[in-house]
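Encoded as structure tokens, the structure appears first; notes follow it.
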There are 2 protein chains.
Amino acid sequence: MVTKRGVCPIEDYGYEAIEKVIDMIAGKWKLRILYLLTKYECLRYGELKKHVPGITHKMLSMQLKELEKDKLLVRKEYPQVPPKVEYSLTVKGWGLVPLYEQLGIWVMENREEFMGL
Amino acid sequence: MVTKRGVCPIEDYGYEAIEKVIDMIAGKWKLRILYLLTKYECLRYGELKKHVPGITHKMLSMQLKELEKDKLLVRKEYPQVPPKVEYSLTVKGWGLVPLYEQLGIWVMENREEFMGL
DNA sequence: CAGTATCCCAATAGATACTG
DNA sequence: CAGTATCTATTGGGATACTG
């Protein structure tokens, strides 16, 4: 039953663009990584691993590489031994915050669905 | 380089809730299906299949079942031969429109990234 | 410390055939 | 028309070992 109308802008940008955005932010790990970086602003590889319980070495490595490729975060390597690498968000990455906020709003609107988790 | 601050609400709802939302809307097909229903409001199974080029019978069937289970759309079956089934969005499904709008805004903010598609 | 490489198993999705 | 069942090819992700 349709009870509410709305304007959906997907067509203006094409499916491919939207799907690419979904790919960038979807997934169990990317969301967590991006969120941690909005919170702590700058984290080392090992710190990220500690803060994302359950993620494997391989997955963290792959996800970070993808996020870097998508220009959502930057990787800063310090040329020293032992190596030190820091990750932080780009402006583009920070731009996702309103999207996450909207996500939160929708969760609140349907909170009874999510209480049982 | 961090140049912009923002407040990220993920922690207020817990990762699980947000991940469940992502699961609900992510994926190559769900977004298309939901979008078509915001546009046409009510579509039969075969009409959906026509409007989502490339989707297989099996996938459309599975995705619709999941979307129905997540209460994003409703399935209305007419008891006749040959069978007729119509799909339309629920209020909860329509509630996703602002989320898609925010997605579109972010695409526009980074449009140079998405032009080459 | 911060990765990469390899192997292997489980889950996913496509094609096809069948049904009320 | 609108599905379900089955079989199979491909992929994704975990565990482990190795490297600068």
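Each chain gets a letter, A, B and so on, in the order the sequences are listed, and its residues count up from 1. Both backbone and side-chain heavy atoms feed into the values below; hydrogens, waters and symmetry mates do not.
- For the 3.5 Å distance criterion, the side chains of B/Glu47 and B/Tyr40 fail to qualify, holding no donor opposite an acceptor.
- Atom pair A/Trp29:CH2 and D/dG14:P shows a separation of 6 Å (rounding to whole Å applied).
- Comparing atom distances between the B/Thr56 side chain and each of C/dA15, D/dT4, C/dT4 picks out C/dA15 as nearest.
- The side chain of B/His57 approaches D/dT4 more closely than any other nucleotide in the set C/dA2, D/dT4, C/dG3.
- Contact check, B/Lys65 against D/dG3: no side-chain N or O comes under 4.0 Å of OP1 or OP2.
- Between B/Lys28 atom NZ and D/dT11 atom P there is a gap of 13 Å when expressed in whole angstrom units.
- One finds a side-chain N or O of A/Tyr87 lying less than 4.0 angstrom from the OP1 or OP2 phosphate oxygen of C/dG3.
- Proximity of the aromatic rings of A/Tyr35 and A/His51 is defined here by a centroid distance below 6.0 angstrom, and this criterion is not met.
- Among the nucleotides D/dA2, C/dG3, D/dT4, the one closest to any side-chain atom of B/Ser61 is D/dT4.
- In the set D/dA2, D/dT6, D/dG14, the nucleotide with an atom closest to the side chain of B/Lys58 is D/dT6.
- For B/Gln80 and D/dA2, the CD to P distance is 9 Å, given to the nearest whole Å.
- Put simply, the side chain of A/Trp106 gets close to the backbone of B/Lys92: a donor and an acceptor are under 3.5 Å apart.
- At D/dA2, none of the side-chain N or O atoms of B/Arg75 fall inside 4.0 Å of OP1 or OP2 (strictly under the cut-off).
- Taking atom CZ of B/Arg44 as the reference point, atom C1' of D/dA2 lies 9 Å away to the nearest angstrom.
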